[in-house]
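The chain is numbered in sequence order, starting from 1.
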Amino acid sequence: TASNSAGDASGRAASCTTTISASSPPAAGPARTESEPGTPPTTHPGAFGSLTYAAGKALQMTVAQAKFFVRMLTGDVSVKNVSGFVSIAIHAGESARNGLLNYLWFMVLISLSLGFLNLLPIPILDGGQIMFQLAEWVKGRPLSDRTYIVGQQAGLLLLVLLMGLALFNDLTPFFNK
């Protein structure tokens, strides 16, 4: 599942469709245009500069997503903004029709969303495994098998509920026509 990470002043989330079709993704680093005759060539960021820019942009987008997620948990943003594979497929098609760069930009958003989701402290995900390891480190010994089992079951239940919510949000527009 993925959630949109942009919001307007009223706290409602902006649709990925609007974001993708309304603007192109930002260029990586300085403009890559050719120079006019008689002017010095445009500088290019190079491999290290491009990687630095990409890492900074990814961090910026992930922080924005974390803030959006917190706003969703506190009720400032509706859970109707959680979307699943149906919405992802629709938005991927729309972004592809708007050009390769828009499609790649959308794929970056989806990748960052999945990475963020995977690091949430839900026991069945990687973030939950990190929490288990930290708990063992603090405790100084392994956690009981029962703790692991209950944690995994709770994590699975949370994921099933989240996927159910995403599917419900994806299919609701088709039944409200």
Rounded to the nearest 0.5 Å, how far does [atom2] of [Y] lie from [atom1] of [X]?
X	Y	atom1	atom2	value
Q65	L117	CD	CG	8.5 Å
L100	M107	CG	CE	11.0 Å
L114	L119	CG	CG	11.0 Å
S95	L101	OG	CG	11.0 Å
Q133	L143	CD	CG	8.5 Å
I110	H91	CD1	NE2	8.5 Å

Determine yes or no for a side-chain-to-main-chain donor-acceptor pair under 3.5 angstrom, with N98 supplying the side chain and E94 the backbone.
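Between the backbone of E94 and the side chain of N98 there is a qualifying donor-acceptor contact (under 3.5 Å).
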
Using modelled atom types and a 3.5 Å cut-off, is there a donor and acceptor pairing between side-chain atoms of N81 and backbone atoms of S78?
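Checked: pair present.
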
State yes or no: do [X] and [Y] share one hydrophobic cluster built from I, L, V, M, F, W and Y residues joined by side-chain heavy-atom distances below 4.5 Å, directly or via other members?
X	Y	value
L112	V63	no
L120	V77	yes
M131	L159	no
I124	F116	yes
I122	L161	no

How close do [X] and [Y] get, counting heavy atoms only, and between which atoms?
X	Y	value
F174	V86	CE1-CG1, 3.8 Å
L171	F175	O-CD1, 3.2 Å
A166	V82	CB-CG1, 3.9 Å
Y103	A92	CD1-O, 3.6 Å
I88	F106	O-CE2, 3.7 Å
P123	G151	CB-O, 2.9 Å

Give the C-alpha distance, both sets of side-chain angles, the deciding distance and a yes or no for side-chain contact (heavy atoms from CB on, under 4.5 Å) between L167 and F85.
CA-CA 8 Å; L167 186 60; F85 67 93; 3.8 Å; yes

Test side-chain contact (heavy atoms from CB on, under 4.5 Å) on L158 and L162 and set out the steps.
CA-CA 6 Å; L158 280 172; L162 182 62; over 6 Å; no

Kindly indicate whether the side chain of Q152, heavy atoms from C-beta on, has any atom under 4.5 Å from the side chain of F132.
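Yes. Closest side-chain heavy atoms under 4.5 Å.
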
Between M61 and V108, does a side-chain contact (heavy atoms from CB on, under 4.5 Å) hold up when you go through it step by step?
CA-CA 10 Å; M61 291 167 52; V108 166; 4.0 Å; yes

Counting only heavy atoms from other residues, nucleotides and ligands, does the tally under 6.0 Å from OH of Y148 exceed 12?
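Yes, enclosed.
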
Start with the C-alpha distance between Q129 and L125, add both sets of side-chain angles, then the distance that settles side-chain contact (heavy atoms from CB on, under 4.5 Å), and finish with yes or no.
CA-CA 6 Å; Q129 297 304 312; L125 301 175; over 6 Å; no

Going by distance alone, is a donor N or O of one side chain under 3.5 Å from an acceptor N or O of the other, for D170 and S87?
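The criterion, which ignores hydrogens and geometry beyond distance, is satisfied for S87 and D170.
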
Go through the structure and list residues passing side chain to side chain donor-acceptor pair (under 3.5 Å) with T172, not counting sequence neighbours.
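Once residues adjacent in sequence are excluded, T172 has no partner under the side chain to side chain donor-acceptor pair (under 3.5 Å) criterion.
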
